[in-house]
Number of protein chains: 2
Amino acid sequence: MKKKTTDHRPAKERILDAAEQLFARRGFYGVSLRDITQAAGVDVALVSYHFGGKRELFTAVFERRAEVLNRERLELLEEVRRAALPAAPSLEAIANAFFEPLLERSARGGPGWKSYFALVAYVNNSPEFGPVMMTRHFDPLVERFIAVLREALPGCPAREVYWGYQFLTGALTLTFAETGRLDKLSGGLCRSSDLDSVRERLAPYVAAGFRALSARATAAASRTPVRAARKARRRS
Amino acid sequence: MKKKTTDHRPAKERILDAAEQLFARRGFYGVSLRDITQAAGVDVALVSYHFGGKRELFTAVFERRAEVLNRERLELLEEVRRAALPAAPSLEAIANAFFEPLLERSARGGPGWKSYFALVAYVNNSPEFGPVMMTRHFDPLVERFIAVLREALPGCPAREVYWGYQFLTGALTLTFAETGRLDKLSGGLCRSSDLDSVRERLAPYVAAGFRALSARATAAASRTPVRAARKARRRS
DNA sequence: GTCTATAGCTTGATAGAC
DNA sequence: GTCTATCAAGCTATAGAC
């Protein structure tokens, strides 16, 4: 059954859009190809024709927006870096470059982008898909951000920066999932969908977190003689 | 087909254990009742008999450990509160009470607990299950923690505390999901499963984040005349 | 490129013997 | 409480007409 409003965009894109929305809501296994093609108003067989199979469709959805997003984030990061020269940029500015493009797309990019971010939250938290797909599509970008974060945190051990990034990405993906739980919890005082609130708060939050990790590591090191510290570092 | 090692625990518990592990790995839809009962070494029909259906089994798995966990966390919170009287406890101590019982169970509670935390990460990030199940089973606890956090952050608007909690729970659930992505990203420098590292770092990180949010709100308020501030608060 | 038709499985659920 | 047997419905994938 076709959709009432005749959509003249190519079937391939209509499938991608419908799949994006449904995968974001119910995960890879919670959606059938029939659900997807029915929502897209196309025939089931077209998935095989255009993508090969369900799995390939899933990765195609994931890849589609990852490229453009990463390019934007990388450009913004380098811009922030250049603007701060010869000093390193502030942690706030770096964090901001990491998620401002996401906020922008989520707020004004249309509903497809909202679904996409919920999908990333799903993938990032999935033991099955997370390590493979996040690594493949986002690690080069993340490595670059971590390198710049380390410039902004002189003397801070790499390990601390990685842990700080882990906490950051958890906060980020849950926030972009916009599950609406915060709305219920706060009795309407906060809204998951209120991205301006996120924009104002996430950078200060994680920047302060990074500073605390850095300070903690420095304090721990000065409390311990050099040789013991090396050993402790290997242990933990 | 039964498991080789004859397990004499009741079938009901064996089903719960197997379901917990599989749901955590692949989500609600990624697992069939046949997968579960085969792993448990029992017959498929026993799921209907003991639980009613797949959905009811899912919520039974989620509920089983939530109760004991929340009791522990609440007791620890009140202990921390009493120890600090007449002052409010530190943000670090409050944050610690929030996740120390989780760390303890994850490290020494056996593999069932590890699966359980991955399952919570899945549910927390799911638009379908998150708002319903997290709200039902964890909100009373979270409300209590937020009340104590507010005592420790005098003058900080409630909204800031809710946002801080949102970032905290995102960082927490991703960390406990132990997807192994951090391991790959850091080239082995950090391990997702290294819970001692989490214990040392998460409290300072989120405590600093809360302080930054509080400071930001105070600064914003002092920059704005009272009437405009009220309006701005309503807007954002 | 798109559609019909269908093959070949797996799914959740249950009726009824023991 | 546990198991066998079975059901109707749903699934992915594909061969072949247009």
Side-chain angles (χ1 to χ4, degrees), chain A residues 1-62 64 119 122 126 128-129 133, chain B residues 1-64 119 122-123 126 128-129 133:
Chain A
M1 204 221 292
K2 286 236 185 185
K3 276 163 105 179
K4 269 172 265 172
T5 54
T6 334
D7 192 341
H8 286 101
R9 303 176 56 232
K12 192 168 174 179
E13 280 183 45
R14 302 233 300 282
I15 293 172
L16 283 170
D17 290 341
E20 183 171 62
Q21 185 181 72
L22 292 169
F23 282 144
R25 277 215 272 260
R26 323 219 312 163
F28 179 75
Y29 302 103
V31 180
S32 71
L33 292 182
R34 285 172 154 81
D35 294 335
I36 293 168
T37 50
Q38 191 176 324
V42 303
D43 194 273
V44 220
L46 291 186
V47 171
S48 306
Y49 178 76
H50 285 292
F51 300 96
K54 190 182 180 183
R55 208 110 192 169
E56 291 88 338
L57 171 59
F58 188 66
T59 69
V61 168
F62 193 81
R64 179 169 57 153
L119 180 65
Y122 166 78
S126 155
E128 186 179 11
F129 301 111
M133 297 179 74
Chain B
M1 206 220 293
K2 288 238 184 182
K3 276 161 104 180
K4 267 172 267 169
T5 54
T6 333
D7 191 342
H8 286 101
R9 303 178 56 231
K12 194 170 174 177
E13 280 182 46
R14 302 233 300 281
I15 293 173
L16 282 170
D17 289 341
E20 183 171 64
Q21 184 181 78
L22 292 169
F23 282 144
R25 278 215 272 258
R26 324 217 314 162
F28 178 74
Y29 301 103
V31 180
S32 72
L33 293 181
R34 286 174 161 81
D35 293 335
I36 293 168
T37 50
Q38 190 177 323
V42 303
D43 194 274
V44 217
L46 291 186
V47 171
S48 307
Y49 179 78
H50 285 293
F51 300 95
K54 190 182 178 183
R55 208 111 192 167
E56 291 89 336
L57 171 59
F58 188 65
T59 68
V61 168
F62 194 81
E63 278 168 0
R64 179 169 57 153
L119 180 66
Y122 166 78
V123 170
S126 155
E128 187 179 10
F129 301 110
M133 296 178 74

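Below, all heavy atoms of this structure are taken into account, side chains as well, without hydrogens, waters or symmetry copies. So that the names make sense, note that chain A is the first sequence line, chain B the second, and so on, each numbered from 1. Predicted, not measured: the structure shown is a model, and the values here were computed from it.
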I'd like to compare against my own output: the B/S/- annotation of nucleotides 11-18 of chain C with a strict under-4.0 Å heavy-atom distance to protein. BBBB----
Which pair of heavy atoms, one from B/L57 and one from B/A19, lies closest together, and at what distance? CD2-CB, 4.0 Å
CA sep, side-chain torsions, deciding dist, call: A/K54, A/V47, side-chain contact (heavy atoms from CB on, under 4.5 Å): CA-CA 7 Å; A/K54 190 182 180 183; A/V47 171; 5.8 Å; no
Please give me every residue in residues 15-27 of chain A whose heavy atoms get under 4.0 Å of an atom in DNA chain C, ordered by residue number. none
Show me the pairs that pass ring-ring contact (aromatic ring centres under 6.0 Å, His included) and involve residues 29-52 of chain A, at least two apart or across chains. none
Looking at every non-hydrogen atom in both residues, tell me the closest pair between A/D43 and A/T37 and how far apart they are. O-CG2, 3.5 Å
Atom OH of A/Y29 and atom P of C/dT10 are separated, to the nearest Å, by 15 Å
Parallel, tilted or perpendicular: which one describes the rings of B/Y122 and B/F129, with boundaries at 30° and 60°? tilted
Looking only at atom types and distance, does a side-chain atom of B/R34 sit under 3.5 Å from a main-chain N or O of B/V44, one as donor and one as acceptor? no
What distance do A/L22 atom CG and A/L119 atom CG have between them, rounded to the nearest 0.5 Å? 11.0 Å
How close or far is atom C1' of C/dG1 from atom CZ of A/R9, stated in whole angstroms? 17 Å
Heavy-atom pair of closest approach, residues A/R26 and A/V31: CB-CG2, 4.0 Å
